[in-house]
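Okay, structure first, notes after.
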Amino acid sequence: MSRFPRGFVEDSSMEEPETHLRRPSICFRPINPSDLERLEQIHRDLFPIRYESEFFQNVVNGCDIVSWAAVDRSRPDGYSEELIGFVTAKFVSAKESEISDLIRYDSSKGEETLVYILTLGVVETYRKLGVAKSLIKEVIKYASSIPVCRGVYLHVIAHNNPAIRLYKRMSFRCVRRLHGFYLINGQHFDSYLFVYFVNGSRSPCSPLDLVVLAVNYMRSGIKLVASKLRMKQEEKGLKGVKCKDNRRCLLPTQTKRNLASPERVSSGYDYV
Ligand code: ACO
């Protein structure tokens, strides 16, 4: 970490009293079982989604999950190992992933994988110091070091501007908008899907990209028209069926996940 501002924050909200005008010394290490409580607490503080305790157990024990913790070693004893940021990720099979159509496969390499970022967070008092950028760089470096790994990808809720700016700044490509992807307190929210290709999986803007983009664009247009026609037919079929509350009436094709926006059910996502 090189770009810390001179005379770091004087912030009364910091937990330990000695933290005045210090220059932080941010280090990265794997998350381990002693981080469990803090990890749960930061997730609770930063995310609107509740994660199951099994998720945290898997993170701290490294069960199918890779993780990096950010700590500030300049903090006094008792705090110098406390998490101030983290990133958690898991491997998924490239062929079975939702971006399987975007991957350039190399048949000589066998089973190809992707790294999927599950959660990323930095506590408020350590933001805008480049901690998240460094955490993401760690993930990219790790993914790049695995020859069969084709990229790093993630979802981010569509209104999370700081995170979206971060991923764009780091040359992630926004490839999709998924409608009603998140269900939070009974409300649906769209998400963006960002990808960073590694190991020559795909060049940032090859001619192939443009062809795939055009084909996908046409495909999603056709799907949208087809689904609108289907919905009209279904509506006709539903005439005469009584429902006390229209907002709660499920059309036969709707699932709970996409209930919020029947018009968007059809396409599920847009290419962006
Ligand atoms: N001096 C001044 N500004 C700086 C410095 C510096 N030394 N270093 C970085 N910055 C700026 C960057 O340019 C960037 O500016 P911008 O937002 O105007 O583009 C900004 O600081 C943020 O960059 P980072 O410092 O790398 O990011 P940060 O450590 O602040 O963390 C994050 C960003 C993770 C989004 C944080 O705001 C957060 O934890 N939010 C809540 C949880 C969250 O939204 N997580 C992501 C959800 S998506 C997912 O989990 C897959």
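Keep in mind that what you see is a predicted model, and the values were worked out from it rather than measured. When a ligand or atom number is given, it counts from 1 through the structure's own listing order. Hydrogens, waters and symmetry mates play no part in the numbers below; they use all other heavy atoms, side chains included.
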Test of proximity, V122 against ligand 1: N or O pairs below 3.5 Å: yes
Y116 and H155 aromatic ring geometry - parallel, tilted or perpendicular at 30°/60° bounds: perpendicular
N32 side-chain N/O to S34 backbone N/O, donor-acceptor pair under 3.5 Å: yes
Under 3.5 Å: N/O of Y126 near N/O of ligand 1: no
Audit row: S25, D72, side chain to side chain contact (heavy atoms under 4.5 Å, CB included) steps and yes/no: CA-CA 5 Å; S25 168; D72 176 6; 4.2 Å; yes
Stepwise side chain to side chain contact (heavy atoms under 4.5 Å, CB included) test for K133 and L166: CA-CA 7 Å; K133 183 179 172 188; L166 171 76; 4.2 Å; yes
Within 6.0 angstrom of D64 CG, more than 12 heavy atoms from elsewhere: no
Side chain to side chain contact (heavy atoms under 4.5 Å, CB included) between L193 and F181, intermediate numbers included: CA-CA 10 Å; L193 198 162; F181 181 81; over 6 Å; no
Proximity of I157 to ligand 1 by residue part, where a heavy atom lies under 4.0 Å: neither
Proximal ligand 1 atoms for L166, defined as those under 4.0 Å from one of its heavy atoms: 26 (O)
Derivation of the ring-ring contact (aromatic ring centres under 6.0 Å, His included) call for Y167 and F172: CA-CA 5 Å; Y167 299 130; F172 274 73; 5.6 Å; yes
Contacting atoms of ligand 1, where contact means under 4.0 angstrom from a heavy atom of G121: 39 (O)
Any N/O pair A132/ligand 1 closer than 3.5 Å: yes
Atoms of ligand 1, numbered as shown, that sit under 4.0 Å from any heavy atom of R165: 16 (P), 17 (O), 18 (O), 19 (O)
Parallel, tilted or perpendicular, as decided by the 30° and 60° cut-offs, for the rings of F47 and F86: perpendicular
Ligand-side contact atoms (ligand 1) for residue partner K133, heavy atom cut-off under 4.0 Å: 26 (O)
Polar contact flag for V156 and ligand 1 (N/O pairs, less than 3.5 Å): no
Structural part of R169 in contact with ligand 1, heavy atom criterion under 4.0 angstrom: side chain
Residue part near ligand 1, for T119, under 4.0 Å between non-hydrogen atoms: backbone
Nearest candidate to atom 50 (O) of ligand 1, where distance is taken over non-hydrogen atoms, out of I164, L120, L154: L120
Sub-3.5 Å N/O-N/O distance, G130 and ligand 1: yes
Side-chain donor/acceptor of D190 to backbone N/O of G180, under 3.5 Å: yes
Part of K128 with heavy atoms under 4.0 Å of ligand 1, whether side chain, backbone, both or neither: both
Y167, portion touching ligand 1 at heavy-atom distance under 4.0 Å: side chain
Close approach of E124 to ligand 1, heavy atoms, under 4.0 angstrom: no
Validation row: L102, F197 side chains within 4.5 angstrom (heavy atoms): yes
